Amino acid sequence: MSEMRAAARRLIEHVLLWLGLGYLGVMCLAWVPVAMLLHPLLPAAAARRFGRRMIMAGFRSYTGFLAAIGACRFDLAALDALRGAGPLILAPNHPSLLDAVMLISRLPDVACIMKAGLMDNLFLGAGARLARYIRNDAPLSMVIGASEELAAGSQLLVFPEGTRTTRLPVNPLLSSVALIARRARVPVQAIFIETASPYLTKGWPLLRRPDMPVTYRVRLGARFDPPGDVPAFMHALERHFATELAHVPLPALPSANRAAVASNS
């Protein structure tokens with residue numbers, strides 16, 4: 001009987017996995033033609049505002065769907081304190097592919113620095129361009145564009161690790177977060193994402209079933225003033241991340257995925 005229950009559970013989890021991916025895929029594809037149509041028609045400020053609010057609504061719908069079907073549990077309430085807080089650089093750790101989805105689902109005016117490949121992606125690119133997200137393939141223009149968004153009152157989402165975590169508790173941090181904060185003269189808000197599940201960590205295949213429900217908790221860390229000394233700032237930020245994440249649930253990178261991570265690094 002126990003084997004039958006385990007097999008039934010695995011089957012249910014496979015169904016939930018496909019339901020979640022299907023929901024996200026349909027939602028993104030439905031938004032693509034709308035975003036492509038609006039991009040040349042709307043003024044930049046209106047496109048930015050509308051595009052970001054629609055992405056927030058879509059991601060909130062997606063996380064709500066995952067919670068409703070029992071695939072995930074989310075504790076994201078801490079992010080609500082950042083709404084209306086003015087220009088900030090949001091600097092979270094990056095355990096999984098769902099991190100940006102979770103953060104953006106609670107905040108209406110986030111400019112996101114995205115990998116160039118994602119900006120050109122069929123599912124995500126049109127919406128990202130409408131929302132005036134920032135490509136990361138040209139460092140100088142990235143810093144300038146990020147500073148302009150902050151000057152316009154937006155909040156900026158930057159993953160200081162640069163990629164998903166491959167070394168617990170946190171990868172070495174990149175100095176771009178400090179360079180943007182110094183140029184724009186805005187604070188950096190540390191954010192901590194906690195999960196014990198390896199689902200969608202670096203090297204996790206998209207169609208691989210995790211144990212469900214996958215649980216996520218987001219909490220706020222310290223808020224750092226704009227730096228004068230970039231190396232000292234980065235040392236303090238990295239120490240804060242390492243201290244705060246040292247004793248919280250974080251996914252161990254599955255041994256089956258380590259070779260894939262090494263080959264991609």
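None of these values were measured; they are calculated from a predicted model.
- At least one side-chain heavy atom of Thr165 sits less than 4.5 Å from a side-chain heavy atom of Leu168.
- In the hydrophobic clustering of this structure, Phe59 does not group with Val26; members are Ile, Leu, Val, Met, Phe, Trp, Tyr whose side-chain heavy atoms approach within less than 4.5 Å, directly or through other members.
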(message) Please determine whether side chain to side chain contact (heavy atoms under 4.5 Å, CB included) holds for the pair Arg48 and Tyr133, giving the CA-CA distance in whole Å, both sets of side-chain angles, and the decisive distance to 0.1 Å.
(response) CA-CA 9 Å; Arg48 179 187 296 110; Tyr133 286 177; over 6 Å; no
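- Remark: Arg49 does not engage Asp109 in a salt bridge, criterion side-chain N to carboxylate O under 4.0 Å.
- At least one donor-acceptor pair under 3.5 Å links the side chain of Gln155 to the backbone N or O of Leu82.
- Ion pairing between Asp120 and Arg135 holds under the 4.0 Å rule for side-chain N and carboxylate O.
- For the pair Leu88 and Arg223, the minimum side-chain heavy-atom distance is below 4.5 Å.
- Two residues are said to be in side-chain contact when any heavy atoms from C-beta on lie closer than 4.5 Å; Pro213 and Arg73 meet this criterion.
- Between Leu156 and Val110, every side-chain heavy-atom pair lies at or beyond the 4.5 Å cut-off.
- Put simply, Leu24 and Leu76 are part of the same group of oily side chains (I, L, V, M, F, W, Y) that touch within less than 4.5 Å, one to the next.
- Thr201 OG1 to Leu250 CG: the interatomic distance, rounded to the nearest 0.5 Å, is 11.5 Å.
- A side-chain donor-acceptor contact under 3.5 Å links Arg52 and Ser154.
- To the nearest 0.5 Å, the span separating CZ on Arg9 from CG on Leu16 amounts to 10.5 Å.
- The hydrophobic clustering, which links ILVMFWY residues whose side-chain heavy atoms are closer than 4.5 Å, places Met102 and Phe159 together.
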(request) Would you please test Trp18 and Leu207 for side chain to side chain contact (heavy atoms under 4.5 Å, CB included) and show each step? (result) CA-CA 8 Å; Trp18 281 99; Leu207 301 181; 3.8 Å; yes
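- Looking at Glu149 and Arg132, no side-chain N of the basic residue comes within less than 4.0 Å of a carboxylate O on the acidic one, giving no salt bridge.
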(message) Applying side chain to side chain contact (heavy atoms under 4.5 Å, CB included) to Ile134 and Cys112, what does each step give before you reach the verdict?
(response) CA-CA 6 Å; Ile134 302 160; Cys112 187; over 6 Å; no
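- Closest heavy-atom contact between Gly20 and Ile69: N-CD1, 4.5 Å.
- The minimum heavy-atom distance between Pro87 and Gly153, with the atom names listed, is CG-CA, 3.8 Å.
- Atom CD1 of residue Ile113 and atom CG of residue Leu118 lie 13.0 Å apart, to the nearest 0.5 angstrom.
- A donor atom on one side chain and an acceptor atom on the other are found under 3.5 Å apart for Thr163 and Lys202.
- Around the CZ atom of Arg83, the shell of radius 6.0 Å holds more than 12 heavy atoms that belong to other residues, nucleotides or ligands.
- Classification of the Phe65-Tyr23 ring pair by plane angle, with boundaries at 30° and 60°, yields parallel.
- Residues Thr215 and Cys72 are not in side-chain contact: their nearest non-hydrogen atoms beyond the backbone lie 4.5 Å or more apart.
- The shortest side-chain heavy-atom distance between Met56 and Leu107 does not fall under the 4.5 Å cut-off.
- Inter-residue side-chain proximity for Arg167 and Pro172 is flagged as met; some heavy-atom pair is nearer than 4.5 Å.
- Nearest heavy atom pair, residue Pro92 against residue Pro160, reads O-CD, 3.2 Å.
- Here the options are Val248, Val218, Val214, the test is side chain to side chain contact (heavy atoms under 4.5 Å, CB included), and the partner is Thr195; only Val214 passes.
- Atoms OG1 and CG, on Thr63 and Leu98 in that order, are 9.5 Å from each other to the nearest 0.5 Å.
- For the pair Asn93 and Pro95, the minimum side-chain heavy-atom distance is below 4.5 Å.
- In this structure, Val32 belongs to a hydrophobic cluster whose other members, linked by side-chain heavy atoms under 4.5 Å apart, are Met36.
- Gln189 places no side-chain N or O within 3.5 Å of a backbone atom of Leu220 that could act as its donor or acceptor partner.
- Ring geometry for His240 against Phe224 counts as perpendicular: the plane angle is over 60°, on a 0 to 90° scale with 30° as the lower cut.
- The hydrophobic clustering, which links ILVMFWY residues whose side-chain heavy atoms are closer than 4.5 Å, places Met142 and Leu174 apart.
- Proximity of a side-chain donor or acceptor of Arg164 to a complementary backbone N or O of Leu200 within less than 3.5 Å is detected.
- Note: the hydrophobic cluster containing Tyr62 does not contain Val34 (ILVMFWY, side chain heavy atoms under 4.5 Å, direct or indirect links).
- Listed for the Asp137 side chain is no donor-acceptor partner under 3.5 Å among the backbone atoms of Ala116.
- Rounding to the nearest 0.5 angstrom, the gap separating the CG atom in Leu79 from the CG atom in Leu103 is 5.0 Å.
- In the model, His235 has a side-chain atom that pairs as donor or acceptor with a side-chain atom of Arg239 under 3.5 Å.
- Note on ring orientation: taking the six-membered ring where Trp is involved, the planes of Phe74 and Tyr216 are parallel (angle under 30°, cut-offs 30° and 60°).
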(request) Check step by step if side chain to side chain contact (heavy atoms under 4.5 Å, CB included) holds for Leu130 and Trp31. (result) CA-CA 11 Å; Leu130 180 68; Trp31 180 235; 3.6 Å; yes
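- In this pair, Tyr199 and Trp204 present their aromatic rings perpendicular. The plane angle is above 60°, beyond the 30 to 60° band.
- The structure places CG of Asn121 at 7.5 Å from CE of Met114, a figure rounded to the nearest 0.5 Å.
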